[in-house]
Amino acid sequence: MDDEALLRYSRHILLPQVGIEGQEKLLAASALVLGAGGLGSPAALYLASAGIGRLTLADGDTVDLTNLQRQILHRTASIGKPKVLSGAATLAEINPGCRVVALQERLVGARLEEEVAAADVVLDCSDNFATRHAVNRACVKYRKPLVSGAAIRFDGQVAVFDTRRSDAPCYHCLFPEAEDVEEVRCAVMGVFAPITGIIGATQAAEALKLVIGCGAPIIGRLLLLDGLAMEWRSIAVPRDPACAVCATRCAPG
């Protein structure tokens, strides 16, 4: 790090759990953020400002007026523009040292696997179960830590799935994939704007901790937020030994 970087990240470096070594890990790391909406906005902002070296932002949508109530990565002038390009512009203003790769697409199949394999940590900030399960399968396959978040109305949830640990569950252990799952969307049910900020920022914090190797990530737990009461609950999530996705994971080696 040069003098400017030492000054920019000085408040991180002052933390004994981070220090210069931890900050250098962040600068060398690659994060994949799936979704540049309500959760992806605060997550990407904190990852970039904290010094993640390469941030891949994937989203196929464009900015809509209804997004601006909570999707703080975008501005009124960005309405009609691709979310990833709007987001990349905002992130460049905050930290030009963060290399942002803007993918204007919904990653699926081989493209999803390619980007997951190239990342050090994956943040699922999507809004549908099909994507969440596809991301989970790719993360299990390539043994990448997954930080998953969701928010609707006044409620939020966040968890970390890191199947590099033999006792850790995957997303499928918690929410088995089923064809009859009913999607609940913000466009229909509404969402309290700060809830997406709280959950997205928590996802960023967990991703940064995973990269640095500090603290205790939310592995084997699901955090539930009741925004009306502003109370958190922690629920234990055991690994399912018969899970169709992670039961046959490869042993570390």
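Every value quoted in this text rests on a predicted model; they were computed, and no experiment measured them.
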- R239 and C246: CA distance, side-chain angles, deciding distance, side chain to side chain contact (heavy atoms under 4.5 Å, CB included) verdict: CA-CA 9 Å; R239 178 193 172 203; C246 72; 4.3 Å; yes
- Note on the structure: In terms of heavy-atom contacts, T196 and A151 come closest through CG2-CB, 4.1 Å
- Okay, side chain of H74, backbone of A36: is any donor-acceptor separation there less than 3.5 Å? yes
- Message: Does Y9 form a side chain to side chain contact (heavy atoms under 4.5 Å, CB included) with L27? I'd like the steps, not just the answer.
- Response: CA-CA 10 Å; Y9 304 117; L27 293 169; 3.8 Å; yes
- Message: Under a plain distance cut-off of 3.5 Å, with no hydrogens placed, do S78 and S86 share a side-chain donor-acceptor pair?
- Response: yes
- Task: Decide whether L68 and I94 are clustered together by the hydrophobic rule: side chain heavy atoms of Ile, Leu, Val, Met, Phe, Trp, Tyr closer than 4.5 Å, transitively.
- Result: no
- Provide the closest heavy-atom pair for D59 versus G37 in the form atom of the first, atom of the second, distance. OD2-N, 4.2 Å
- Task: Please lay out, stage by stage, how D64 and T66 fare under the test side chain to side chain donor-acceptor pair (under 3.5 Å).
- Result: CA-CA 5 Å; D64 183 83; T66 61; 2.6 Å; yes
- Task: Check side chain to side chain contact (heavy atoms under 4.5 Å, CB included) between E105 and all other residues, then give those that pass, not counting sequence neighbours.
- Result: L103, L107, R111
- Paired with L123, the side chain to side chain contact (heavy atoms under 4.5 Å, CB included) test is passed by just one of L47, L34, L57, L32, namely L47
- Item | Contact check, side chains of F175 and N136, non-hydrogen atoms, under 4.5 Å | no
- Item | Hphob cluster co-occupancy, M230 + F154, side-chain heavy atoms under 4.5 angstrom | yes
- Item | ILVMFWY cluster, V18 and L6 together (side-chain gap under 4.5 Å) | no
- Are V100 and Y46 co-members of a hydrophobic cluster defined by side-chain heavy atoms under 4.5 Å apart? no
- Query: Do you know which two heavy atoms are closest between R106 and A130, and how far apart they sit?
  - Reply: NH2-CB, 4.1 Å
- Between V140 and the options T248, V135, T163, the side chain to side chain contact (heavy atoms under 4.5 Å, CB included) test singles out T163
- Query: Would you call the rings of Y171 and F129 parallel, tilted or perpendicular if under 30° counts as parallel and over 60° as perpendicular?
  - Reply: tilted
- Message: Rounded at 0.5 Å granularity, tell me how far CD in E21 sits from NZ in K25.
- Response: 5.0 Å
- Cut-off 3.5 Å, side chains only: do R132 and S148 have a donor facing an acceptor? no
- With rounding to the nearest 0.5 Å, note down the distance linking CD in E24 to CE in M1. 4.5 Å
- About how many Å separate CZ of R221 and OG of S234, when rounded to the nearest 0.5 Å? 4.5 Å
- Message: Any side-chain to backbone donor/acceptor pair from K144 onto A119? Under 3.5 Å, distance only.
- Response: yes
- Item | SB check E93 R75 (cutoff 4.0 Å) | no
- Task: Following the transitive rule for hydrophobic clusters with a side-chain heavy-atom cut-off under 4.5 Å over Ile, Leu, Val, Met, Phe, Trp and Tyr, establish whether L73 and V101 coincide in one cluster.
- Result: no
- Query: Quick one: CD on Q157 to CD1 on I235, what's the gap to the nearest 0.5 Å?
  - Reply: 9.0 Å
- Give the minimum heavy-atom separation between L85 and A102, together with the two atoms involved. CD2-CB, 4.1 Å
- Would you give the length of the straight line joining atom CG of N67 to atom CD1 of I72, rounded to the nearest 0.5 angstrom? 13.0 Å
- Message: For the backbone of V245 and the side chain of R137, can you confirm whether one donor and one acceptor N or O come within less than 3.5 Å of each other?
- Response: no
- Task: Assess whether side chain to side chain contact (heavy atoms under 4.5 Å, CB included) is satisfied between N95 and S49, documenting all intermediate values.
- Result: CA-CA 6 Å; N95 187 357; S49 64; 5.6 Å; no
- Heavy atoms only: give me the nearest P238-P169 pair and the separation to one decimal. O-CB, 3.6 Å
- Should the heavy atoms of other residues, nucleotides or ligands under 6.0 Å from CG of D2 be counted, would the total exceed 12? yes
- Do the side chains of L146 and D162 get nearer than 4.5 Å, heavy atoms only? no
Would you give me the side-chain donor-acceptor pairs under 3.5 Å for residues 197-219, sequence neighbours excluded?
from: T202; atom 1: OG1; to: I198; atom 2: O; distance (Å): 2.7
from: Q203; atom 1: NE2; to: D124; atom 2: O; distance (Å): 3.2
from: Q203; atom 1: NE2; to: V147; atom 2: O; distance (Å): 3.2
from: E206; atom 1: OE1; to: I218; atom 2: N; distance (Å): 2.8
from: E206; atom 1: OE2; to: K209; atom 2: NZ; distance (Å): 2.8
from: K209; atom 1: NZ; to: A216; atom 2: O; distance (Å): 3.2

- Exercise: identify the closest heavy-atom pair between A29 and I52: O-CG2, 3.9 Å
- Item | CG-CG distance between L228 and D155, expressed to the nearest 0.5 angstrom | 7.0 Å
